[in-house]
Peer 1: 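What follows is a structure written as structure tokens; I'll ask about it next.
Note that these values count all heavy atoms, side chains included, but never hydrogens, waters or copies made by symmetry.
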Amino acid sequence: MGFIGSGAIGSAIARLAVEAGHQVVLSNSRGPETLADMAAELGPRASAATSGEAAAAGAIVVIAVPVKAFPHVPAASLAGRTVIDTCNYGPERDGPIPELDNKSLTSSELLRRHLPDTIWSLTITCMGVGCANSMSGGG
């Protein structure tokens, strides 16, 4: 499984995936070297890579990034893959996005427009990181 975004939500889901026996490839906007400690903590089934490499790593890719980062999600590398969208719009973090502010689109619809050639799954968007961490034994 690939992970584009390895913050609180992405890392909690990665931990659950490793515990379930999956290989995970973590990525973030700061580069793989910043994820070395997390990958080591998750064990031999985890590695760190670029977002493009994480996107290509498996048939399933978890997207766990701020909405403002959608343009940086590697759409071409995700073609044909199942995407799990965990993203939520936060205007205080993401800045104003008119289509979301006027409710003409949801954040998932906005991401889907950026990733038209993917198989889609919307999930976990209302689960707090505390819940995800308690499920995985992390945090």
Peer 1: Quick one: does Tyr89's side chain have a donor or acceptor within less than 3.5 Å of a partner on Ser108's backbone?
Peer 2: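 Absent.
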Peer 1: Who passes side chain to side chain contact (heavy atoms under 4.5 Å, CB included) against Ile60, sequence neighbours left out?
Peer 2: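 Checked Ile60 against side chain to side chain contact (heavy atoms under 4.5 Å, CB included); matches are Met1, Thr82, Ile84.
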Peer 1: Walk me through whether Leu42 and Leu26 qualify under side chain to side chain contact (heavy atoms under 4.5 Å, CB included).
Peer 2: CA-CA 11 Å; Leu42 292 175; Leu26 308 168; 4.0 Å; yes
Peer 1: What residue pairs, at least two apart or across chains, pass salt bridge (Lys or Arg N to Asp or Glu O under 4.0 Å) with a residue in residues 27-39?
Peer 2: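 Listed by first then second residue: nothing to list.
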Peer 1: Hey, does Trp120 have a side-chain heavy atom less than 4.5 Å from the side chain of Leu115?
Peer 2: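 The answer is yes; the side chains approach within 4.5 Å.
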Peer 1: Side chain to side chain donor-acceptor pair (under 3.5 Å): which pairs involve residues 53-68, sequence neighbours left out?
Peer 2: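 Qualifying pairs: Thr50-Glu53.
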Peer 1: Check side-chain hydrogen bond (donor to acceptor under 3.5 Å, both in side chains) between Glu41 and all other residues, then give those that pass, not counting sequence neighbours.
Peer 2: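 Counting only residues at least two positions away or on another chain, Glu41 forms a side-chain hydrogen bond (donor to acceptor under 3.5 Å, both in side chains) with Arg15.
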Peer 1: Tell me, please, which residues at least two apart from Ala48 pass side chain to side chain contact (heavy atoms under 4.5 Å, CB included).
Peer 2: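 Result, side chain to side chain contact (heavy atoms under 4.5 Å, CB included) vs Ala48: Pro32, Leu35.
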Peer 1: According to side chain to side chain contact (heavy atoms under 4.5 Å, CB included), who are the partners of His72, at least two apart in sequence or on a separate chain?
Peer 2: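 Testing His72 for side chain to side chain contact (heavy atoms under 4.5 Å, CB included), a comparison that skips the adjacent residues, returns none.
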Peer 1: Can Asn28 and Ser6 be counted as having a side-chain donor-acceptor contact under 3.5 angstrom?
Peer 2: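 Asn28 vs Ser6: no donor-acceptor pair found between side chains.
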Peer 1: With sequence neighbours excluded, tell me which residues meet side chain to side chain contact (heavy atoms under 4.5 Å, CB included) with Arg45.
Peer 2: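 Checked Arg45 against side chain to side chain contact (heavy atoms under 4.5 Å, CB included); matches are Val18, Gln23.
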Peer 1: Quick one: does any side-chain atom of Arg81 pair with a main-chain N or O of Val61 as donor and acceptor, under 3.5 Å?
Peer 2: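 Checking the backbone N and O of Val61 against the side chain of Arg81, no donor-acceptor pair under 3.5 Å is found.
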Peer 1: Considering only residues two or more places apart or on different chains, which pairs with a residue in residues 90-102 satisfy salt bridge (Lys or Arg N to Asp or Glu O under 4.0 Å)?
Peer 2: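 Found none.
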Peer 1: For Ser29, check side-chain hydrogen bond (donor to acceptor under 3.5 Å, both in side chains) against everything at least two apart and list the hits.
Peer 2: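 For Ser29 there are no side-chain hydrogen bond (donor to acceptor under 3.5 Å, both in side chains) partners, ignoring immediate neighbours.
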Peer 1: Partners of Ser47 by side-chain hydrogen bond (donor to acceptor under 3.5 Å, both in side chains), sequence neighbours excluded?
Peer 2: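 Ser47 satisfies side-chain hydrogen bond (donor to acceptor under 3.5 Å, both in side chains) with no residue once adjacent residues are dropped.
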Peer 1: With heavy-atom distances below 4.5 Å as the criterion, would you say the side chains of Phe70 and Cys87 are in contact?
Peer 2: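 A side-chain contact under 4.5 Å exists here.
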Peer 1: Does Glu109 have any salt bridge (charged side-chain N to carboxylate O under 4.0 Å, His left out) partners at least two apart in sequence or in another chain, and if so, which?
Peer 2: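 Partners of Glu109 under the salt bridge (charged side-chain N to carboxylate O under 4.0 Å, His left out) test: none.
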Peer 1: Once side-chain hydrogen bond (donor to acceptor under 3.5 Å, both in side chains) is applied, do any residues pair with Asn102, and if so which ones, sequence neighbours excluded?
Peer 2: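 Residues passing side-chain hydrogen bond (donor to acceptor under 3.5 Å, both in side chains) with Asn102: Ser104.
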